[in-house]
Structure formats: C-alpha cells, structure tokens
Amino acid sequence: MSFKLQSWNAVAPGLESESQWRVWLQQPFPLSSELHKVSLTQISPILRRRFTELGRCAAGAALPLLEGIDAIPGVFASRHGDTPLTLSLLEGIADDQPMSPTGFSLAVHNAVAGLLSIARKDVSAATSIAASENLMPLALLEAVTQLQEREQVLCLIYDVPLPELYRPYAESESYPFALAMLLSRSEGSDMVLEQISPRRGLPGESELLRLMRFLCDLDASADFGSGSGVGWSLRRTVDAGEN
C-alpha cells in the first residue's frame, strides 16, 4: 500500500526533536521511566488535569502536528493502554473500594482519542486499536486504509511502561513514548507498506526502535517480524529518475 508521510513527531523522556532522536539512536543510553513535563498549553487547565501520563505523552506528540488543522480523522494505537491506571482500579476492587467513574472512563482504550477530540473540539472519526505484535505496521495499515477516502489521517502510537506486576508476562518499552505521523494523499514523502516474509530483528531491538531508525534516516527500511507468519516492511519509494 502506498501513501505519503507528510510529517511526524515523537516524544520520550529527554527526546523531543528528530536530531535528539537520531543522536540517541546512534548512541543509546537509559531513558527515564517517567515522562518529563510536557507543555499542553493548547488544552484548558480543567481538561488537562484528566490527562494521565499516557495521555500527556500522546498529546505532546500529536498537537504540534495538528496546528492549523481543525478536523482530522485519527488512528490511536497502544499495545497495552493505560495499565498503571487499570491496575490501580483493579487493586481498588480487590480492597472493596468503590470504583471512580472518572478513573474508569480514563482507563478505557479509547480514552486518549476522546480527550484529544474534546480538547480540539474535533468530531472527526477516531479508531482505537491494540495488537500484541506488529502494532506499528498494523496502525499504519489502518491509517493508510482510511486514507483512501480522506485527504489526511493522523496515526498516533503510544505506550507507557508496564507495572512491575505484568512485566514477566509481556514486553514493553522501559520508558513512555508517543509517535505521531501525519499521512496524506497529496503531500509528503512517498512510502510503501507491504507484507514480507517474517524476519527477526536484532536482539533487544523493538518495533519502536526499528521505526524510529527508519524515520531518522538511519535505516533504509523498517522491517517487522511476527510469530504468526506475517511480516511487514515500511520503505520509501524512490523515483526511477533519481540516482
């Protein structure tokens, strides 16, 4: 599937620009497990208080791309969702505590999409997805599919570290992150997303690192393996006339 990548923005602790990401990817060092302060001045203080760390990270990546755009459909993708908040609600139930309606509404998988929609007064369609593997290419696949009928689509991928209780059973990044990509039918770099034979990444190399290395022009493609027998590759389209 072909599409155009108009722009992108990624946020992690201490990493807010393409140059910072490129330097870190070439010489990685441990990142904080907690998000630094993210400026969300575009959002009213009353609503801003409802954003958990997951929401702040996602909004911090998406809002700079959406300046000047009043309405845009979005694909919101998170492998685990807001597990710290969900775990706190479950612990409350175990202690026979009444569940907070606000806490429950913020723990559902489409909470980030809803909050950003309210903050931006944008009633465009929003799709929230999850996947245990290949989350990033599948999020792009959903966004590219929607792009067939829309001029632009926001693809927003985000997660926070799993609580200690869950870490033996599932993988997650050790730091919060969010990656926002603005896909377009007419503007941007030409891209191709295609199925390939599954390949294994380098040891310790996550989907996020593969995609970020590609976006920062450190790799020619981003290849994603799978235990299910389906792999994906994202690469740029080169004009036949280019050297």
### Pairwise side-chain contact, P161 with E173, heavy-atom cut-off 4.5 Å (strictly under)
no
### Message
Holding to salt bridge (charged side-chain N to carboxylate O under 4.0 Å, His left out), I want the full list of residues that pass it with E164, two or more places apart in sequence or in another chain.
### Response
R167
### Query
Which heavy-atom pair separates P13 from L35 by the least distance, and what is that distance?
CG-CA, 4.2 Å
### Task
Answer yes or no: is there a side-chain heavy-atom contact under 4.5 Å between D122 and D70?
no
#### Entry: ILVMFWY network linking F177 to L140, side-chain heavy atoms under 4.5 angstrom
yes
### Query
Is there a path of hydrophobic side-chain contacts, each under 4.5 Å between heavy atoms of I, L, V, M, F, W or Y residues, that connects L25 with L31?
yes
### Query
So N9 and L63, side-chain contact (heavy atoms from CB on, under 4.5 Å) or not? Walk me through it.
CA-CA 9 Å; N9 185 49; L63 289 176; over 6 Å; no
### Message
With a 4.5 Å cut-off on side-chain heavy-atom distances among I, L, V, M, F, W and Y, is there a chain of contacts connecting M1 to V75?
### Response
yes
#### Entry: Close side-chain approach of W8 and L179, heavy atoms under 4.5 Å
yes
### Message
To the closest 0.5 Å, what do you measure between CZ (R48) and OG (S39)?
### Response
7.5 Å
### Task
Could you pull out the closest heavy-atom pair between V160 and P176, with the gap in Å?
CG1-CB, 3.9 Å
### Task
State the CE-CH2 distance between M136 and W232, to the nearest 0.5 angstrom.
15.5 Å
### Task
Compare every heavy atom of A59 with every heavy atom of L116, then report the nearest pair and how far apart it is.
CD2-CB, 3.9 Å
## Note on the structure
Separation between CD1 (I69) and CZ (R120), nearest 0.5 Å, reads 7.0 Å
### Query
So, E142 versus Q146: side-chain donor-acceptor pair below 3.5 Å or not?
yes
### Query
Same cluster for L183 and M191 if Ile/Leu/Val/Met/Phe/Trp/Tyr side chains link at under 4.5 Å?
yes
### Query
How about L234 and D223: do any of their side-chain heavy atoms sit closer than 4.5 Å?
no
### Message
Between R185 and E151 (side chain of the first, backbone of the second, donor and acceptor by atom type, cut-off under 3.5 Å), is there such a pair?
### Response
no
## Note on the structure
For G225 and N134 the tightest heavy-atom approach is O-OD1, 2.9 Å
### Query
Any ion pair linking E207 and R79 (charged N to carboxylate O, less than 4.0 Å)?
yes
### Under 3.5 Å: donor-acceptor pair, side chain of H109, backbone of I129
yes
### CD (E171) with more than 12 external heavy atoms under 6.0 Å
no
### Task
For Q20 and G14, work out which heavy atoms get closest and say how close.
OE1-O, 3.8 Å
### Polar side chain donor-acceptor pair, S19 to S17, under 3.5 angstrom
yes
### Task
Enter the distance from S184:OG to Q6:CD here, rounded to the nearest 0.5 Å.
4.5 Å
#### Entry: Enclosure of E34 CD (heavy-atom neighbours >12, cutoff 6.0 Å)
no
### Query
Given F3 and D190, is the side-chain contact (heavy atoms from CB on, under 4.5 Å) satisfied, shown in steps?
CA-CA 6 Å; F3 66 97; D190 291 315; over 6 Å; no
### Side-chain donor/acceptor of S117 to backbone N/O of A113, under 3.5 Å
no
### Query
Going by atom types alone, do S78 and D159 pair a side-chain donor with an acceptor below 3.5 Å?
yes
### Contact check, side chains of F29 and W24, non-hydrogen atoms, under 4.5 Å
yes
### Query
Which value, rounded to the nearest 0.5 Å, describes the distance between I43 atom CD1 and I46 atom CD1?
13.0 Å
### Task
Give the minimum heavy-atom separation between P163 and T83, together with the two atoms involved.
CD-OG1, 3.4 Å
### Task
With R236 as the cation and F214 as the aromatic partner, state whether NZ or CZ is under 6.0 Å from the six-membered ring centre and within 45° of the axis.
yes
### Query
With side chains defined as the heavy atoms from C-beta onward, is the minimum distance between F51 and L115 less than 4.5 Å?
yes
### Query
Side chain of S221, backbone of R235: donor and acceptor closer than 3.5 Å?
no
### Query
Do V112 and Y158 touch side chain to side chain, with heavy atoms closer than 4.5 Å?
yes
### Task
Count the heavy atoms belonging to other residues, nucleotides or ligands that lie under 6.0 Å from CD of Q148, then report whether that count exceeds 12.
yes
### Message
With side-chain contact (heavy atoms from CB on, under 4.5 Å) as the criterion, how do F224 and L211 come out once you've worked through the C-alpha distance, each side chain's angles and the decisive distance to 0.1 Å?
### Response
CA-CA 9 Å; F224 304 92; L211 185 51; 4.2 Å; yes
### Message
So, taking the atom named CG in L215 and the one named CZ in R22, what distance separates them when rounded to the nearest 0.5 Å?
### Response
10.5 Å
For residues 92-99, tabulate all N or O donor-acceptor pairs below 3.5 Å that involve a side-chain atom, not counting sequence neighbours.
| residue | atom | partner | partner atom | Å |
| --- | --- | --- | --- | --- |
| Q97 | NE2 | D95 | O | 3.4 |

### Query
In terms of hydrophobic clustering (I, L, V, M, F, W, Y; side-chain heavy atoms under 4.5 Å; direct or indirect links), are L208 and V23 co-clustered?
no
### Task
Output, in order, the C-alpha distance, side-chain angles, deciding distance and verdict of side-chain contact (heavy atoms from CB on, under 4.5 Å) for H80 and S172.
CA-CA 8 Å; H80 301 297; S172 72; 4.1 Å; yes
### Query
Any side-chain heavy-atom pair from F76 and I157 closer than 4.5 angstrom?
no
